[in-house]
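Worksheet for the structure shown next.
Here is the naming used below: chain letters follow the sequence lines, and residue numbers restart at 1 for every chain.
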Number of protein chains: 2
Amino acid sequence: MEDPEDGRPRCDEAVSLAFSVLGKRWNGMILDALSGGRLGFSAVRRAVTGISDAVLSDRLAELTGVGLVSRHVDAGPPLSVDYALTGAGENLIPVLERLGEWASENLSESGSTDR
Amino acid sequence: MEDPEDGRPRCDEAVSLAFSVLGKRWNGMILDALSGGRLGFSAVRRAVTGISDAVLSDRLAELTGVGLVSRHVDAGPPLSVDYALTGAGENLIPVLERLGEWASENLSESGSTDR
DNA sequence: CATAGCAACTATGTTTTTCATAGCGGCTAT
DNA sequence: ATAGCCGCTATGAAAAACATAGTTGCTATG
């Protein structure tokens, strides 16, 4: 027998699921950057200050993998690739806004110039 | 002179600030675990499945440092320490709930058994 | 045309984080 | 007395993130 609802506090599964993607560095910021519309690789890099090419490439692939971002290639001739939020990704936008409000009201700019 | 609103998309500063703390592994889950009330070190560890002592210790110090969690020691004799959300931390709860809803509606359980 | 530059990545090697495991001092339950 | 829980800290290994350089394809400049 396991213990079904044993009263012991636990982190909510859904929240845990959310942070399996948002709890990794940059992911939230990338999604936020894309909330304004589709962007090319370099545009995302510029929007998310501090991220490196290698990591960005990795993150975009990951976000695409979980279905929050879609990748679209236009074989021009001037080949161009752009990334955009999927429906699931767009649903996150309002939550990100709430998060932003919370941060600016409850988190001091200083505090963690860590890393 | 910098470029004030130059039209180029950028990740919102507030969101970026939020993820400077929530974008680190475990932090969001720890805060969620504490949303139900104060907990001792081991209780948090049990609530956040998978975290190790060393990392938990680190994260709690960090969250305490940015003012989201408060640490309270009761020198019993049976010495006990507990952690609780501060006002700032509590303000995050509703946002975490939104995040949870979003995750269960838009994120598939599978997908990233990463790490 | 040659040189330089941008876009979109990949490759390489180093630095940081995160991790599992072990241990410690104080107290309690058996 | 022995074992066990609580709240941590120490240690070394594994994984992630990082800066930097290089690649291919196309364009803009001289």
Side-chain angles (χ1 to χ4, degrees), chain A residues 6-9 11 16 19-31 33-34 37-66 69-84 112-115, chain B residues 6 8-9 11 16 19-30 33-34 37-66 69-84 112-115:
Chain A
D6 55 4
R8 278 183 258 163
C11 167
S16 176
F19 283 109
S20 71
V21 39
L22 296 180
K24 290 183 79 170
R25 207 180 175 192
W26 305 117
N27 277 350
M29 281 146 82
I30 292 173
L31 292 170
L34 290 174
R38 53 179 62 250
L39 295 176
F41 187 91
S42 324
V44 178
R45 186 183 43 208
R46 276 190 294 271
V48 182
T49 42
I51 197 170
S52 72
D53 283 19
V55 176
L56 177 56
S57 182
D58 217 62
R59 287 294 112 90
L60 283 171
E62 189 178 324
L63 291 172
T64 300
V66 297
V69 166
S70 65
R71 181 186 137 113
H72 175 254
V73 183
D74 174 12
L79 168 84
S80 81
V81 181
D82 51 44
Y83 297 89
S112 63
T113 312
D114 59 278
R115 294 199 189 228
Chain B
D6 56 3
R8 278 180 260 163
C11 168
S16 174
F19 282 109
S20 71
V21 38
L22 295 180
K24 291 182 80 169
R25 204 177 178 195
W26 305 117
N27 277 350
M29 281 146 83
I30 293 173
L34 290 175
R38 52 179 63 251
L39 295 177
F41 188 89
S42 323
V44 179
R45 187 184 41 209
R46 275 190 295 271
V48 182
T49 41
I51 196 170
S52 72
D53 283 18
V55 175
L56 176 56
S57 181
D58 218 62
R59 288 293 115 91
L60 284 171
E62 189 179 323
L63 291 172
T64 300
V66 297
V69 166
S70 65
R71 181 186 136 111
H72 175 252
V73 183
D74 174 13
L79 169 84
S80 81
V81 181
D82 51 44
Y83 297 88
S112 63
T113 311
D114 60 277
R115 294 200 189 225

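In this structure, NE2 of B:H72 is placed 13 Å from P of D:dC8, rounded to the nearest angstrom. The distance from atom CZ of A:R25 to atom C1' of D:dA15 is 16 Å, rounded to the nearest whole Å. Atom P of nucleotide C:dC6 and atom CG of A:L39 are separated by 19 Å, given to the nearest angstrom. One interatomic measurement links the two molecules: CD1 of A:I51 to P of D:dT20, which rounds to 16 Å at whole-angstrom precision. As a whole-Å value, the separation of A:N27 CG from D:dA16 C1' is 13 Å. The nearest whole Å value for the distance from the NZ atom in A:K24 to the P atom in C:dT16 is 20 Å. Atom CH2 of B:W26 and atom C1' of C:dC19 are 10 Å apart (whole Å). If you measure from atom CG of B:D58 to atom P of D:dC8, you get 13 Å, rounded to the nearest angstrom.
For the side chain to side chain contact (heavy atoms under 4.5 Å, CB included) test, residues two or more places apart in sequence or in another chain that qualify with A:A54 are A:S52.
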Polar pairs (N or O, both sides) under 3.5 Å between protein and nucleotides 7-11 of chain C?
residue : atom : partner : partner atom : Å
C:dA8   : OP1  : A:V81   : N            : 3.4
C:dA8   : OP1  : A:V81   : O            : 3.0
C:dA8   : OP2  : A:F41   : N            : 3.1
C:dA8   : OP2  : A:S42   : N            : 3.0
C:dA8   : OP2  : A:S42   : OG           : 3.0
C:dC9   : OP1  : A:R71   : NH1          : 2.6
C:dC9   : OP1  : A:R71   : NH2          : 3.3
C:dC9   : OP2  : A:R71   : NH1          : 3.4
C:dC9   : OP2  : A:Y83   : OH           : 2.8
C:dC9   : N4   : A:D53   : OD2          : 2.5
C:dT10  : OP2  : A:S57   : OG           : 2.9

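A donor-acceptor contact shorter than 3.5 Å links the side chain of A:R59 to the backbone of A:R25. A donor-acceptor contact shorter than 3.5 Å links the side chain of A:T64 to the backbone of A:L60.
Across B:R45 and B:I51, no two heavy atoms sit closer than the pair CG-O, 4.0 Å. Minimum interatomic distance between B:T49 and B:W26 (heavy atoms only, all atoms of both residues): O-CZ3, 3.7 Å.
Relative to the axis of its first five pairs, the axis of the last five pairs of the helix from C:dC1-D:dG30 to C:dT30-D:dA1 sits at 10°, rounded to 10 degrees.
How far CZ of B:F41 is from CG of B:D53: 4.5 Å, rounded to the nearest 0.5 Å. Distance check: B:L63 CG to B:D58 CG gives 10.0 Å after rounding to the nearest 0.5 Å. Within the model, atoms CZ of B:R38 and CG of B:D82 stand 4.5 Å from one another, a figure rounded to the nearest 0.5 Å. Atom CG in A:L22 sits 11.0 Å away from atom CD1 in A:I30 (nearest 0.5 Å).
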